[in-house]
Peer 1: 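Structure below; questions to follow.
The sequence lines fix the lettering, A, B, ..., with proteins before strands; numbering per chain opens at 1.
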Protein chains: 2
Amino acid sequence: MKKVAILGSTGSIGTQALDVIEQNREEFKVSVISCASRIELLEEQIKKFAPEAVVTAEEKDALYLSRKYPHIEADFGVNGLNAAASGDADIILNSLVGMRGLVPTYYAAKSGKTIAFANKETLVAGGELIMKTAAENDARLLPVDSEHSAIFQCLEGNEGRNVRRILLTASGGPFRGYKREQLEKVTLEQALKHPKWNMGAKISIDSATMMNKGLEVIEARWLFDIPAEKIEIIVHPQSVVHSMVEYEDTAVIAQLGMPDMRVPIAYALAYPKRLALNFTPLDLFTYASNLTFEKPDKEVFKCIQFAYDALAAGGSMTTVLNAANEELVSAFLGKKILFTDIQDNIERVLNAHICRYNLSLDDILAVDRETREKTKELLR
Amino acid sequence: MKKVAILGSTGSIGTQALDVIEQNREEFKVSVISCASRIELLEEQIKKFAPEAVVTAEEKDALYLSRKYPHIEADFGVNGLNAAASGDADIILNSLVGMRGLVPTYYAAKSGKTIAFANKETLVAGGELIMKTAAENDARLLPVDSEHSAIFQCLEGNEGRNVRRILLTASGGPFRGYKREQLEKVTLEQALKHPKWNMGAKISIDSATMMNKGLEVIEARWLFDIPAEKIEIIVHPQSVVHSMVEYEDTAVIAQLGMPDMRVPIAYALAYPKRLALNFTPLDLFTYASNLTFEKPDKEVFKCIQFAYDALAAGGSMTTVLNAANEELVSAFLGKKILFTDIQDNIERVLNAHICRYNLSLDDILAVDRETREKTKELLR
């Protein structure tokens with residue numbers, strides 16, 4: 001039985017992970033859960049999964065919980081998350097959203113943990129450092145993102161065989177086919193409505209700008225230790241093929257499935273097992289009867305190229321990309337800017353940045369802070 | 001460097017295998033080649049690949065070759081093939097067509113060889129015996145058929161994981177969508193013209209009747225030790241997805257590629273390596289930009305159901321299926337019967353057969369002979 005710590009248990013990935021665990025009680029024991037603000041839902045999870053410890057963002061919430069559930073350890077803030085990440089769980093599910101996942105991931109890597117990894121921003125901001133730390137401490141990152149899980153599955157059994165390309169599929173988001181003029185007019189409500197996946201707000205906007213795919217290119221570069229020029233984005237609106245790997249012999253291995261995040265979550269948690277899951281199977285005669293592939297429009301969706309360029313620049317450039325994007329998405333979610341202001345302002349921030357290299361954890365956090373300040377200044 | 005014996009070196013698979021070997025001279029040495037009647041082509045192959053031995057069907061051809069190439073051993077007939085199959089090659093490529101592959105496969109299995117296997121009729125006629133013999137002697141069959149190679153590749157890295165279904169793709173052949181009345185009127189020329197693959201005559205007709213897919217179901221049942229009810233046929237006219245495996249967690253792993261038999265041939269010959277092949281890669285934006293899946297029409301293409309029913313009956317029933325089919329395809333190729341006479345007469349032969357079990361090699365050969373006689377009688 002695996003002990004699982006879930007960082008971000010009340011979010012989209014966290015709740016789906018608990019659903020998988022509930023259906024596979026003989027496989028998993030929940031040791032820690034954490035959330036930022038949805039304390040009511042966290043309480044429900046406490047009752048259902050009886051964790052040993054909980055972590056909240058605020059001290060007052062931890063105090064409240066420790067009084068109400070005296071047999072449970074309650075901690076809070078960054079230190080609480082770091083303790084959970086380096087505690088005695090067998091596997092840490094990092095389903096935090098955004099940059100705040102970086103420090104706990106660093107501590108989990110330093111503690112040699114197996115990390116089920118759903119927090120792509122962390123690898124965008126600090127991929128080099130995290131992968132180096134993981135390698136030095138025999139930690140392992142197992143992807144939870146459906147695309148990266150697919151790639152991981154397509155690489156299984158192919159150790160030592162040369163990969164020609166990773167074919168990273170993209171739904172294209174709700175604005176696939178739009179021209180620049182149309183993109184300028186889209187509303188928050190339209191941007192939040194993803195055609196295939198039901199996801200959190202940040203990732204939905206990233207998907208609409210296609211920055212999500214850019215972030216995934218960077219994530220793949222680090223997770224699979226493969227140069228960016230071998231990673232190609234393929235727009236596949238049906239989201240049935242979750243990604244593919246092309247080998248040197250021209251054979252392409254693909255992973256397909258329903259758009260159900262519980263499948264990659266279960267894969268990472270149970271790895272190297274595959275659990276018997278009673279979810280809806282893929283019906284090739286109806287749901288998946290017609291699959292199409294097309295090129296992404298990098299002219300209109302500029303974020304894709306930003307990601308490749310930032311990777312090519314290396315060092316702090318992807319940290320800046322991530323921080324600027326997080327701030328601008330947040331501003332868009334707060335209805336302070338237009339949809340196209342996201343990519344246009346990212347471009348300005350990237351162009352103004354002078355790249356730094358060989359960053360420590362503190363350096364990364366500093367670059368992140370500075371970038372957020374500069375981005376906010378741009379919007380004033 | 002692997003020593004390769006090629007049984008059937010002048011056929012479609014044999015020549016493509018030699019093409020792979022020619023492009024990868026540092027990996028392979030051709031030790032034996034064999035052919036039935038294309039002696040001129042065999043001579044070219046002798047000059048190019050300098051094998052240690054050759055096998056022909058007729059004694060006179062072997063005599064001719066042994067005089068002309070005194071440093072090469074020349075043998076003939078079934079005994080010659082059997083000797084090649086059990087000789088000192090590291091890998092036996094069985095690219096014989098039809099039932100005549102059975103006995104050499106049996107000898108290769110008895111000798112504990114690795115067999116690159118392109119001769120599905122052998123497993124249809126005697127799958128139980130061949131797999132038992134292989135298991136007893138640590139022989140291994142590596143699939144060369146593009147579908148079975150795809151399944152094999154999709155199973156790699158998934159040892160011990162439960163397969164829910166094998167999804168065997170079928171182009172549907174040149175008469176996909178035809179009704180019975182249309183099928184009755186098709187000509188030999190139409191039947192020989194496969195929409196996607198360039199293949200030998202026997203397999204082209206099998207593809208047109210969809211018996212090929214039935215034979216492949218039986219082949220998959222034996223190669224992968226999986227019950228027939230877990231093997232589903234999916235019509236996929238573009239022939240880009242070469243087959244898929246669905247696992248218990250609902251994830252589907254697929255293998256895709258161009259319709260180039262050299263890729264699965266190379267996979268089997270080089271296994272567990274993947275060679276770097278300079279063949280045309282799959283272009284998802286053009287060649288594979290639209291993939292469709294549909295159900296096979298088992299009412300019109302009756303051969304599919306014959307295969308499942310014969311597998312369910314077990315014992316000699318699939319031997320009979322294969323023998324009747326070979327004779328009827330041969331009659332159709334000789335323009336002696338109509339296209340639909342193939343399936344209608346297979347049905348008659350199967351219905352008349354009283355199944356026998358636990359067959360020895362001699363039993364299988366006897367059932368085969370008897371069935372051919374009965375089938376010919378039907379046509380008189």
Peer 1: Using non-hydrogen atoms and a 4.5 Å limit, figure out which bit of A/Glu159 sits close to chain B: side chain, backbone, both or neither.
Peer 2: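 Answer is neither: A/Glu159 stays 4.5 Å or more from chain B.
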Peer 1: Which bit of A/Thr286 comes within less than 4.5 Å of chain B, counting heavy atoms only: side chain, backbone, both or neither?
Peer 2: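 Contact with chain B: none, neither part.
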Peer 1: CG/B/Leu284 to CD/A/Glu246 distance, rounded to the nearest 0.5 angstrom?
Peer 2: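 Going from CG on B/Leu284 over to CD on A/Glu246, the span is 8.5 Å.
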Peer 1: Measure A/Gln255 against the heavy atoms of chain B and call it side chain, backbone, both or neither at under 4.5 Å.
Peer 2: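 Interface part for A/Gln255: both.
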Peer 1: Could you tell me which of A/Thr250, A/Leu167, A/Ile234, A/Val252 has the largest number of non-hydrogen atom pairs under 4.5 Å with chain B?
Peer 2: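 Ranked by contacts with chain B, first place is A/Val252.
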Peer 1: Pick one of side chain, backbone, both or neither for A/Leu155, based on which atoms fall under 4.5 Å of a heavy atom in chain B.
Peer 2: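 Neither part.
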Peer 1: What is the minimum heavy-atom distance between A/Leu256 and B/Ala254, and which atoms define it?
Peer 2: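 The answer is CD1-CB, 3.6 Å.
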Peer 1: At a 4.5 Å cut-off on heavy atoms, which part of A/Arg262 comes close to chain B: side chain, backbone, both, or neither?
Peer 2: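 Neither part.
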Peer 1: Any heavy-atom pair between the side chains of A/Arg164 and B/Pro281 that's under 4.5 Å?
Peer 2: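 Side chain of B/Pro281 against side chain of A/Arg164, heavy atoms only: contact under 4.5 Å found.
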Peer 1: Where is the tightest heavy-atom contact between B/Phe285 and A/Glu232, given as atom of each residue plus distance?
Peer 2: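 Heavy-atom minimum between the residues: CE1-OE2, 3.2 Å.
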Peer 1: Can you tell which part of B/Thr280 gets under 4.5 Å to a heavy atom of chain A, answering side chain, backbone, both or neither?
Peer 2: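 Only the backbone of B/Thr280 comes within 4.5 Å of chain A.
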Peer 1: Please find the pair of heavy atoms, one from A/Phe293 and one from B/Leu291, that lie closest to each other, and give the distance.
Peer 2: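 Nearest heavy atoms, A/Phe293 then B/Leu291: CE1-CD1, 3.6 Å.
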Peer 1: Compile the donor-acceptor pairs under 3.5 Å between side chains in residues 268-278 of chain B and protein atoms, sequence neighbours left out, one pair per line.
Peer 2:
{"from": "B/Tyr271", "atom 1": "OH", "to": "B/Glu156", "atom 2": "OE2", "distance (Å)": "2.8"}
{"from": "B/Lys273", "atom 1": "NZ", "to": "B/Glu27", "atom 2": "OE1", "distance (Å)": "3.0"}
{"from": "B/Lys273", "atom 1": "NZ", "to": "B/Glu27", "atom 2": "OE2", "distance (Å)": "2.7"}
{"from": "B/Arg274", "atom 1": "NE", "to": "A/Asn158", "atom 2": "OD1", "distance (Å)": "3.2"}
{"from": "B/Arg274", "atom 1": "NH1", "to": "A/Asp249", "atom 2": "OD1", "distance (Å)": "3.4"}
{"from": "B/Arg274", "atom 1": "NH1", "to": "A/Asp249", "atom 2": "OD2", "distance (Å)": "2.9"}
{"from": "B/Arg274", "atom 1": "NH1", "to": "B/Gln153", "atom 2": "OE1", "distance (Å)": "3.0"}
{"from": "B/Arg274", "atom 1": "NH2", "to": "A/Asn158", "atom 2": "OD1", "distance (Å)": "3.3"}
{"from": "B/Arg274", "atom 1": "NH2", "to": "B/Gln153", "atom 2": "OE1", "distance (Å)": "3.1"}

Peer 1: Measuring heavy-atom distances to chain B, does A/Ala266 have an atom under 4.5 Å in its side chain, in its backbone, in both, or in neither?
Peer 2: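 Contact with chain B: none, neither part.
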Peer 1: Give, as side chain, backbone, both or neither, the part of A/Asn290 having an atom under 4.5 angstrom from any heavy atom of chain B.
Peer 2: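 Both backbone and side chain of A/Asn290 come within 4.5 Å of chain B.
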